[in-house]
Each structure stands twice: as structure tokens, then as C-alpha cells.
Number of protein chains: 2
Amino acid sequence: MHQKYEFKMIHSFKIHSLIHYKMHLSPTEENYLKAIFKLTEEAEKASATTNAIAAEMSIAAASVTDMLRRLSEKELIHYEKYKGVHLKASGRKIATALVRKHRLWEYFLVEKLKFGWDEVHDIAEELEHVRSDELVNRLDEYLGKPNFDPHGDPIPRADGTIPTRQLTPLSALKVGESGILTGLQNHPDSLMRYLRKINIGIGTKIQVLELHDFDESMSVKINDEKEMELSEKVSKSLLLKIT
Amino acid sequence: MHQKYEFKMIHSFKIHSLIHYKMHLSPTEENYLKAIFKLTEEAEKASATTNAIAAEMSIAAASVTDMLRRLSEKELIHYEKYKGVHLKASGRKIATALVRKHRLWEYFLVEKLKFGWDEVHDIAEELEHVRSDELVNRLDEYLGKPNFDPHGDPIPRADGTIPTRQLTPLSALKVGESGILTGLQNHPDSLMRYLRKINIGIGTKIQVLELHDFDESMSVKINDEKEMELSEKVSKSLLLKIT
DNA sequence: AAATATTTTTAGATTAACCTAAAAATAATA
DNA sequence: TATTATTTTTAGGTTAATCTAAAAATATTT
Ligand SMILES: [Mn+2]
Ligand SMILES: [Mn+2]
Ligand SMILES: [Mn+2]
Ligand SMILES: [Mn+2]
């Protein structure tokens, strides 16, 4: 609305000293930074390609090129044509703040509004763009400053640091070993709905009873009670804290 | 993003039967409907003028004309050039749903996150555009289905009806009469901050002690304790439920 | 009723964020 | 290394939502 004028005004006399004071980006720009964050920092890759970003965001590669040029002009990313892209400190700050908001809202939706963990992602995609530092801080406080979201993903703290843990895929456990489900390798809705149906969630205790080398599936004991079979695909997706 | 294609597709074969099924508007379009709602239904006027809408939204009149044509094409408003505008049933439904969301979020921000009543409007302006019926319903439930927001304004119910009450401006009271502050005629931040400073809010009991006809100010007793002077402007802004 | 003022609309531009198709650069393969 | 395939960028276009300036319609005042 008036971002345009503000920018022109700043631009006209002194771009570099003021531009960083309170950069305010569109939801779209924020989403690009988040995608780059996911493809580099969270995936522990040095840089993200144009095509990877396009795929992540479900848009055309040409649109990505366009936006990379603009984010680069705003000093938010390192970008050299044909060479891929990664975040500068200023871009990382915005991306982690966005991830923080996303995961705090997911926590709110599950813990307070009693949504299922498979129902909250899309809503949080919208809530994360609501712009108010005070709001995030009060929400964080209200929720008891949680460190992990309903999917077990770390919630970046206000200072930008990100909580970590040592997790092991269920598929790596030997017969007799056990752990508490603490995270997921990836979170397709289909997996989350399946786990909800068979009563497995964050906090569930899982013990390996038997390994079937024919299809790499396993028999497990859930919460020291029920026994069931889990496929290789599932056991590779479940990340446990070993007990 | 793909709204465009969806629309074109629908448009190409059967506009009138399908277009209403699940109309999904941009935040901007929603804001126009809300402005029209405020200027007509809430102000009990038959129609809103182009200039009034422009002023309400702080944009140029030419932009309004443009949008009115589009909203009219979508069958959301009645619009005849030069004749002003009012909502059709479909537009009113969207507008009241938006107001409902706005006021529920304001209630959440004040009651749960402990924001001051003068701090929540701008944040709610953003939150109201988050699109999820399930979210509004659960939020409503979580908050205990409140009927009025932190400013005393009615929260439209899920069915579109709007709670009402009989309120009287403090300025209309005679010496000795009293009431409970229940709403405001209008809500500039300056008024809300002032009232917060002098410890008057929704629920405060106010009794008229003396009327000063020189400047139409009055002496009042607050919550049967403190005495203070209120200007004409303030006494006209405070709406009471008579006790 | 004519003249003047105000309101509203039209005309023509701009910007962000997308698109497709074609060109250019880089990577993989023969 | 030359050819082919893939990736990325450029070129040119579209749409929504804004703007300013000018024209047209409506309302008010002489
Ligand atoms: Mn998510
Ligand atoms: Mn999550
Ligand atoms: Mn408000
Ligand atoms: Mn309010």
C-alpha cells in the first residue's frame, strides 16, 4: 500500500544505512526465504538451486530467478547466476523468525484448540505471516515457551538459536531396543493420519520385538501394551530418543 | 496463485451456478466488503458512497470505483454508477464472517495474551484474513463463545446474526443516574489509551454527580470510589447499560 | 436556469508476482 | 572433445491493486 513510497523515499537519499532498519517483506518474499532456509540450513546443504526452490514452492523456475534477483538486491541472499543461492545473515534471521512463528502457531492449534497434528500446517502457513513481534513473544509466553512443535520439529528461540537433540530412526534399532517417538523424518499428511489411526504419536514408546529381513518390516510393542507390524518405510520415518 | 485458472475454468462454461459454491476472495476484496458493511449496516445507512469508502480505507476514489465494478461482477454488492453501493446477501455473509473473525481474535488477544484493548486492532486486521472455518469455530469454542469484543462491539455468531443491546450515552444521563460502561461510540486509540490511563474500561460503573452547563462536562463517581471530571466529548463516547 | 463546485468515473501508468516460450549456460554422455 | 540433455536465465505478457490527471456526471449556489 505505502511500502512503495516508503521505499522510494529511502532509496532516494540513502539506501544502505536505512534499508536494514526495519525491512518489511511481503508474505511471498518471506516464503522464498523460508524455502531457501529449508533447502539449505535444514537440509544441511551449501546452496539451493533454482529448480529445487521452484519445486518446493510449486511455481515456475523463471519466477524464482526473478525473485532471487530481487532478494539479492535487498541483501538477503547470496546469489550468483547459475551458481545457486544461500541465505545471508539478514535473510536467515527473517527465515528463522518465520519458522518460529509457524511452529508456535502449530503448537497453539494442537495444544489449545485441539486440532490433530495432521490438520495444522496449512493454517500455520497463513498465521506465520501476521506481523507483530509483540504477538509472537506473548504467544510464546502463553504456550510456556515450548522447544518443539507438534511434529517434533525444533522451534527457533527469540534469539535465533535452534534447539537440537540426538535422534535415531526406528529402523536403526536392534531387537530388544526401544525409544520414545520424538520426531519425524518428514511429515506427509498421509503418514500423520496413519500414525494417528494406529495410535502412535509424539511421546509414544516403541520397542523392537522382531525384525523381518524379507521386507525389512518389524514387529514392535507400543507403550508396553499393544503389538503391531511396521513397514520399512514407516520405521525409517520415525525418529526416537533411545531409552 | 491458481485462483486465476480456477476462475477462468469455471467462467468458461457456467458462471452462475458454480461461482457461488465457494467464493474465495483476496484480503483486499474482503476489506472492501467490510468497509461497505461498516458504512451501511453498522451506520444504518442505505448506501455507501465512493468517497466514503475511499476515506474509510485511505485509498484513492478511482481505486474504489474500479473495485466496485469487480465486486459487482461477482454479485457481492449492488452497484449503479454514481448511485452508491450496498451489500447483497452473499457480500453481507462474507463481511459479517470477517467482522466475527476480527472480533474473536481481538477477544483472544486481550483475554488470553493480555494485550491492552488499544493494542489489538491492527493485529486483528491481519488475523481476520486467515482462512479456515474450522479455526474460527474452534477459537469461538475455546474463548467460550463470547458475544462482545474487548471494545464492547458485538461479535456476529456463526449463523450471521448479531447480538444487540440497549445502550445509552453517558452524556444523556441526569444527575444521580448511573450505569455500567458497555461500549464505545467510536474507538480511536487516543480515547482507549486515555480511558486506560484513568482506569475506566468495559464493566466500569459510572454515576453522574454533577453537570456543568458551561462546557457540558460532568463530575462522575467511578466504581463507587473515585470522583473525576469527564469532558463532553468523552461522555458522548461512553455507552452505558443503565443500572 | 446558468454557473460553479463537488463527486465519480475513465484513461493511462506502475509494481509485484506470477506465467510460457525461447535463448543461453552448464552438465552429462557418447 | 563434440554432441546432447538439463538447468537457468531472458524476453515478453498477464492480472490485481494501486496511483494521478482529466473528463463526465451530479449537486449546489447564485
Ligand atoms: Mn508445518
Ligand atoms: Mn511442524
Ligand atoms: Mn478492531
Ligand atoms: Mn473491536
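Chain letters run A, B, ... following the sequence lines, proteins first and then strands; every chain starts at 1. The figures that follow rest on heavy atoms only: side chains count, while hydrogens, waters and symmetry mates do not. Quick caveat, the model's predicted, so the values are computed rather than measured.
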Worksheet item: Looking at B/R70, does any N or O in its side chain come under 4.0 Å of the phosphate oxygens OP1/OP2 on D/dA17?
Response: yes
Worksheet item: Rounded to whole angstrom units, what separation is found between the CD atom of A/E30 and the P atom of C/dA17?
Response: 11 Å
With the criterion being N/O to N/O and under 3.5 Å, what pairs connect the protein with nucleotides 22-24 of chain C, and how long is each?
none

Fill in: By side-chain contact (heavy atoms from CB on, under 4.5 Å) - contacts of B/D215 (at least two apart)
B/H212, B/S217
Worksheet item: Are B/T49 and B/N51 close enough that a side-chain donor and a side-chain acceptor fall under 3.5 Å?
Response: no
Worksheet item: Okay, side chain of B/R103, backbone of B/P156: is any donor-acceptor separation there less than 3.5 Å?
Response: no
Worksheet item: Roughly how many Å is it from CZ in A/R69 to C1' in D/dT10, rounded to a whole number?
Response: 11 Å
Discussion item. Whether A/S63 contacts C/dC18 is assessed here as follows: a side-chain N or O lying under 4.0 Å from the phosphate OP1 or OP2. Is that the case?
Written reply: no
Worksheet, complete the sentence: From CG of B/N31 across to C1' of D/dT18 the rounded distance in Å is 14 Å
Response to the item:
For A/A124 and A/E106 the tightest heavy-atom approach is CB-CG, 3.5 Å
Item to complete: Check every atom of C/dC18, C/dT20, C/dT9 against the side chain of B/Y79 and return the nucleotide holding the closest atom.
Response: C/dT9
Fill in: Any pair counted as ring-ring contact (aromatic ring centres under 6.0 Å, His included), so long as it reaches residues 46-87 of chain B, sequence neighbours left out
B/H78-B/H86
Worksheet item: More 5' along DNA chain C: A/K81 or A/P27, using each one's nearest nucleotide?
Response: A/P27
Practice prompt. Take atom CD of A/E29 and atom C1' of C/dC18, then tell me their distance rounded to the nearest Å.
Written response: 14 Å
Worksheet item: Nearest of D/dT9, D/dT18, C/dA11 to any side-chain atom of B/A62?
Response: C/dA11
Practice prompt. To the nearest Å, give me how far apart OH (A/Y32) and C1' (C/dA17) are.
Written response: 7 Å
Worksheet item: Between residues 36-57 of chain B and DNA chain D, which residues have a heavy-atom gap below 4.0 Å?
Response: none
Discussion item. Quick check with a 6.0 Å cut-off and a 45 degree axis cone: is A/K112 positioned over the face of A/Y142's six-membered ring?
Written reply: yes
Discussion item. Rounded to whole Å, how long is the line connecting atom CE of B/M67 with atom C1' of C/dT10?
Written reply: 17 Å
Fill in: Intermediate values then yes/no, side-chain contact (heavy atoms from CB on, under 4.5 Å), A/L25 and A/L76
CA-CA 11 Å; A/L25 302 179; A/L76 295 165; 3.8 Å; yes
Worksheet item: Could you give the CD-to-C1' distance, from A/E80 to D/dT7, as a whole number of Å?
Response: 17 Å
Practice prompt. Return the value, rounded to whole Å, for the distance between atom CG of A/L71 and atom P of C/dA16.
Written response: 12 Å
Practice prompt. Under the ring pair (Phe, Tyr, Trp, His ring centres under 6.0 Å) rule, collect the residues that match up with B/H121, sequence neighbours excluded.
Written response: B/H102
Fill in: B/K236: partners by side-chain contact (heavy atoms from CB on, under 4.5 Å), with sequence neighbours left out
B/S171, B/E232
Item to complete: Side chain of A/S26 only, please: which of C/dC19, C/dA17, D/dT10 is the nearest?
Response: C/dA17
